[in-house]
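For reference, the structure is listed below as structure tokens.
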Amino acid sequence: MGHLDHAAYGWLTPVLSYVMACIGAALGLRCTVCALAATTGSSRRNWLLTAASAIGTGIWTMHFVAMLGFDVTGTEIHYNVPLTVLSLLGAMLVVGAGVFAVGYGRARGRSLVLGGLTTGLGVASMHYLGMAALRLHGSVSYDPLMVGLSVVIAVVAATAALWAALNIKSPVAVTVASLVMGAAVSSMHYTGMLAVAVRVVPSEQALPGATAMQFIFPLAVGLGSYLFITSAFVALSPTADERAASASASASASASAARHLGGGQAAAPVAPSAPAG
């Protein structure tokens, strides 16, 4: 058995991956809250699409940033590029199904259970599809008990996050929920990694695929930049309450101007008629 190191760069990759998970969760929760408060169908759809992409991207980035610190003694590690990209797209698609179930569901309880189950399975499928993209000299096996536990953690974490989106509105509460969600996603990842065992078979043959620094690192940086830019956009977007207050102020100003104009017209003097010649 090869020795597995989950933190080859020390605390750098675990901490950075946790930060990415928190950012994705915070952005996804914020967008879901905005979607539930949206007054038009198109606005709700767009917010939910952004939420799905944020959560999916955040979870994927968290996983592969953590994988940058994954090392196995006696073998190099490469990644199958198509499978790695598929894990990202699959995460966004399945997470999107769960988010839309909550966003458009009429029965909150049933929608929450369905959305949490779907989103959690999406998180777990992303993790294990990403692990299936590993290419190394040897074979990878899994402890079924730990795999099952990681899936349970993913479903519980996703359900808790969606519950927070449905019930928590204040920015401070959303921040706390995001930190908890980030911790849960990270726990799911490292629980899944504890299920991994690698039997190394020494070989001089070149491994297929790309190294982490050739492919994973640039893609993670790009997706991380997307999360930061989208976070700035969402942070600057007015909330439903702010839009309502703005509309109310505009209506009050218009009514005041109309009254002022009407009063001025009523008080205008009537010009005297010219005297008869």
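One hydrophobic cluster holds both Val81 and Phe70 under the rule that ILVMFWY side chains link at heavy-atom gaps under 4.5 Å. In the hydrophobic clustering of ILVMFWY residues, with side-chain heavy atoms under 4.5 Å counting as a link, Leu48 and Val95 come out together. Cluster membership for Leu27 and Val19, using ILVMFWY side-chain heavy atoms within less than 4.5 angstrom, is shared. Hydrophobic cluster membership is shared by Ile216 and Met213, with clusters built from Ile, Leu, Val, Met, Phe, Trp and Tyr side chains linked at under 4.5 angstrom. When hydrophobic clusters are built by joining Ile, Leu, Val, Met, Phe, Trp and Tyr residues whose side-chain heavy atoms come closer than 4.5 Å, directly or via intermediates, Val140 is not grouped with Val201.
With rounding to the nearest 0.5 Å, the separation of NE2 in His63 from CG in Leu88 is 11.5 Å. Atoms CD1 and CD1, on Ile55 and Ile23 in that order, are 14.0 Å from each other to the nearest 0.5 Å. One finds the CG atom of Leu68 at 9.0 Å from the CG atom of Leu12 (value rounded to the nearest 0.5 Å). Remark: His78 NE2 to Gln214 CD distance equals 6.5 Å, nearest 0.5 Å. Here the CD1 atom belonging to Ile59 is positioned 5.0 Å from the CE atom belonging to Met181, to the nearest 0.5 angstrom. To the nearest 0.5 Å, atoms CD (Glu76) and OG (Ser203) are separated by 10.5 Å.
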Donor-acceptor contacts under 3.5 Å from residues 150-164 side chains, at least two apart:
unit_1, atom_1, unit_2, atom_2, d
Ser150, OG, Tyr128, OH, 2.7
Ser150, OG, Val147, O, 2.6
Thr159, OG1, Val155, O, 2.8

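Here the closest heavy-atom approach between residue Leu194 and residue Met146 is recorded as CB-CE, 3.9 Å. Here the shortest heavy-atom pairing between Met193 and Met131 reads SD-SD, 3.7 Å. The two residues Ala51 and Gly28 make their nearest non-hydrogen contact at CB-O, 3.6 Å. In plain terms, the two heavy atoms of Pro14 and Tyr190 that are nearest each other are CA-OH, 3.5 Å. Residues Leu112 and Val102 share a closest heavy-atom pair of CA-CG2, 4.3 Å. Nearest approach of His189 to Ala66, heavy atoms of both residues: NE2-CB, 3.4 Å.
The shortest side-chain heavy-atom distance between Val123 and Met188 falls under the 4.5 Å cut-off. Residues Leu4 and Val198 are in side-chain contact: their nearest non-hydrogen atoms beyond the backbone lie under 4.5 Å apart. Contact check for Leu83 versus Leu86: side-chain heavy atoms found under the 4.5 Å cut-off.
Surrounding OH of Tyr9 are at most 12 heavy atoms belonging to other residues, nucleotides or ligands under 6.0 Å away.
Checking side-chain atoms of Thr75 against main-chain N and O of His137 turns up a donor-acceptor pair under 3.5 Å. Remark: the backbone N or O of Ile77 is not paired with any side-chain donor or acceptor of Arg135 at under 3.5 angstrom. Panel note: side chain Ser186, backbone Ala183; no donor-acceptor pair is recorded below 3.5 Å. In this structure a side-chain-to-backbone donor-acceptor pair under 3.5 Å is present from Ser87 to Thr84.
Between Trp60 and Phe64, the ring planes are tilted. Angles from 30° to 60° get that label.
Remark: the Tyr226 side chain and the Ser53 side chain contain an N/O donor-acceptor pair separated by less than 3.5 Å.
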Next on the checklist: Determine whether Thr211 and Phe215 satisfy the following criterion, side chain to side chain contact (heavy atoms under 4.5 Å, CB included), listing intermediate values before the conclusion.
Outcome noted: CA-CA 6 Å; Thr211 66; Phe215 176 64; over 6 Å; no

Item to check | CA sep, side-chain torsions, deciding dist, call: Arg44, Phe100, side chain to side chain contact (heavy atoms under 4.5 Å, CB included) | outcome: CA-CA 10 Å; Arg44 172 168 291 195; Phe100 270 79; over 6 Å; no

